[in-house]
Engineer: 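Next up is a structure, given as structure tokens.
One-based numbering along the sequence shown. Worth knowing before you read on, the calculation uses all heavy atoms, side chains too, and leaves out hydrogens, waters and symmetry mates.
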Amino acid sequence: MSIFSAIKDAIFGHKTAETPRTATPTTPATPAAKAPAATPAAGIPASPANAKWEREVDVEMVLESMASKNPQQLNWRTSIVDLMKLLGIDSSLANRKSLARELGYTGSTDDSATMNVWLHKRVMEELQKNGGKVPASLVA
């Protein structure tokens, strides 16, 4: 599993993650009415990191809820290290370098401060792209 997938799953799979929506009646589709399942192009594997969730997840609410139950005072709003700690994910430099490669970081991974700032912003952007409700202050 990719590191971003672990981050996304930790947030989107949290019990307070789903934003309430108005219920709409659904009717089961008949087998003849179902569209064939989309298949990825040959040689291109489906990526769980790019999968969209079917519901909107209030990322800030989930993280605030988790932080309120955590005995450590973690600055998850600006620190990728603290965000990863809050989610129970290894925040080591090696793991952050791996996450940076996964998300397309092109800068020097030897400059960990710059990389960390980029990572936090990029993770929030990716959460938003994947169905997360992320306040503008966390993606700016």
Side-chain angles (χ1 to χ4, degrees):
M1 174 186 286
S2 74
I3 299 167
F4 178 73
S5 290
I7 291 170
K8 186 172 65 171
D9 290 349
I11 295 170
F12 287 27
H14 194 267
K15 65 182 177 182
T16 62
E18 189 170 344
T19 300
R21 291 192 178 187
T22 309
T24 54
T26 58
T27 56
T30 61
K34 287 186 181 178
T39 56
I44 302 174
S47 171
N50 294 329
K52 299 270 187 201
W53 287 77
E54 292 182 12
R55 66 191 194 288
E56 184 176 64
V57 174
D58 189 331
V59 172
E60 182 179 37
M61 181 182 75
V62 170
L63 294 174
E64 281 292 336
S65 173
M66 293 175 83
S68 71
K69 297 172 185 141
N70 192 307
Q72 292 182 295
Q73 291 293 319
L74 298 172
N75 186 13
W76 64 265
R77 290 180 176 277
T78 58
S79 168
I80 189 66
V81 172
D82 284 0
L83 175 63
M84 293 172 82
K85 284 181 182 180
L86 180 63
L87 299 174
I89 297 170
D90 174 16
S91 62
S92 67
L93 180 58
N95 216 32
R96 285 180 279 128
K97 285 181 177 184
S98 180
L99 177 61
R101 280 190 301 276
E102 180 183 333
L103 296 178
Y105 184 65
T106 58
S108 171
T109 56
D110 292 330
D111 182 359
S112 64
T114 301
M115 179 184 72
N116 288 347
V117 170
W118 183 91
L119 274 174
H120 190 277
K121 180 180 178 186
R122 184 78 170 128
V123 164
M124 291 298 166
E125 289 171 348
E126 286 299 312
L127 289 170
Q128 189 173 47
K129 286 180 188 176
N130 284 277
K133 177 182 167 196
V134 181
S137 63
L138 294 178
V139 291

Engineer: Considering only residues two or more places apart or on different chains, which pairs with a residue in residues 79-88 satisfy side-chain hydrogen bond (donor to acceptor under 3.5 Å, both in side chains)?
Structural biologist: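 Sorted result for residues 79-88: empty, none.
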Engineer: Roughly how far, to the nearest 0.5 Å, is CG of Asn95 from CD of Glu102?
Structural biologist: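 Between atom CD of Glu102 and atom CG of Asn95 there are 9.5 Å.
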Engineer: I need the Asn130 CG to Phe12 CZ distance, nearest 0.5 Å.
Structural biologist: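 Interatomic distance, Asn130 CG to Phe12 CZ, rounded to 0.5 Å: 6.0 Å.
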Engineer: Trp76: which residues meet the ring pair (Phe, Tyr, Trp, His ring centres under 6.0 Å) condition with it, sequence neighbours left out?
Structural biologist: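 Per chain and number, Trp76 pairs via ring pair (Phe, Tyr, Trp, His ring centres under 6.0 Å) with no residue.
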Engineer: A side-chain contact here means heavy atoms from C-beta on lying under 4.5 Å apart; do Leu127 and Val57 qualify?
Structural biologist: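 No, every pair of side-chain atoms sits at 4.5 Å or beyond.
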Engineer: By salt bridge (Lys or Arg N to Asp or Glu O under 4.0 Å), which residues pair with Arg122, not counting sequence neighbours?
Structural biologist: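 With sequence neighbours excluded, Arg122 shows a salt bridge (Lys or Arg N to Asp or Glu O under 4.0 Å) to Glu125, Glu126, given in chain and number order.
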Engineer: Looking at CE of Met1 and NZ of Lys8, how far apart are the two atoms once the value is rounded to the nearest 0.5 Å?
Structural biologist: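 With rounding to 0.5 Å, CE (Met1) is 9.5 Å from NZ (Lys8).
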Engineer: Can you tell me how far CG of Leu99 sits from CE of Met84, rounded to the nearest 0.5 angstrom?
Structural biologist: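 It is 5.5 Å, given to the nearest 0.5 Å.
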Engineer: Which distance, rounded to the nearest 0.5 Å, do you find between the CD1 of Ile7 and the CG of Leu86?
Structural biologist: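 Spacing of CD1 (Ile7) from CG (Leu86) equals 11.0 Å.
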Engineer: With sequence neighbours left out, write down each residue that passes side-chain contact (heavy atoms from CB on, under 4.5 Å) with Arg77, or none if nothing qualifies.
Structural biologist: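 By the side-chain contact (heavy atoms from CB on, under 4.5 Å) rule, Arg77 matches Glu60, Glu64, Asn75, Leu138.
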Engineer: Determine which pairs satisfy ring-ring contact (aromatic ring centres under 6.0 Å, His included) with at least one residue from residues 118-140, sequence neighbours left out, and list them in order.
Structural biologist: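 Qualifying pairs, neighbours excluded: Tyr105-Trp118.
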Engineer: What's the verdict on side chain to side chain contact (heavy atoms under 4.5 Å, CB included) for Met115 and Lys97, showing C-alpha distance, side-chain angles and the deciding distance?
Structural biologist: CA-CA 8 Å; Met115 179 184 72; Lys97 285 181 177 184; 4.1 Å; yes
Engineer: When rounded to the nearest 0.5 angstrom, what is the spacing between OG in Ser98 and CG in Leu93?
Structural biologist: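 Here the interatomic distance stands at 11.0 Å.
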Engineer: Mind checking side-chain hydrogen bond (donor to acceptor under 3.5 Å, both in side chains) for Ser92 and listing every partner two or more places apart, or none if nothing turns up?
Structural biologist: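 With sequence neighbours excluded, Ser92 shows a side-chain hydrogen bond (donor to acceptor under 3.5 Å, both in side chains) to Asp90, given in chain and number order.
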Engineer: Only counting residues at least two apart or in another chain, list the ones meeting side-chain contact (heavy atoms from CB on, under 4.5 Å) with Gln72.
Structural biologist: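 side-chain contact (heavy atoms from CB on, under 4.5 Å) check on Gln72 returns Asn70, Leu74.
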Engineer: Could you list the residues that satisfy side-chain hydrogen bond (donor to acceptor under 3.5 Å, both in side chains) with Ser112, not counting sequence neighbours?
Structural biologist: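 Per chain and number, Ser112 pairs via side-chain hydrogen bond (donor to acceptor under 3.5 Å, both in side chains) with no residue.
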Engineer: Taking the side chain as every heavy atom from C-beta outward, state whether Leu63 and Leu87 have any pair of such atoms under 4.5 Å apart.
Structural biologist: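 Yes, at least one pair of side-chain atoms sits under 4.5 Å.
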Engineer: Of the non-hydrogen atoms in Leu119 and Ile80, which two are nearest, and what is the gap between them?
Structural biologist: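 Scanning both residues completely, I find the closest heavy atoms to be CB-CG1, 4.0 Å.
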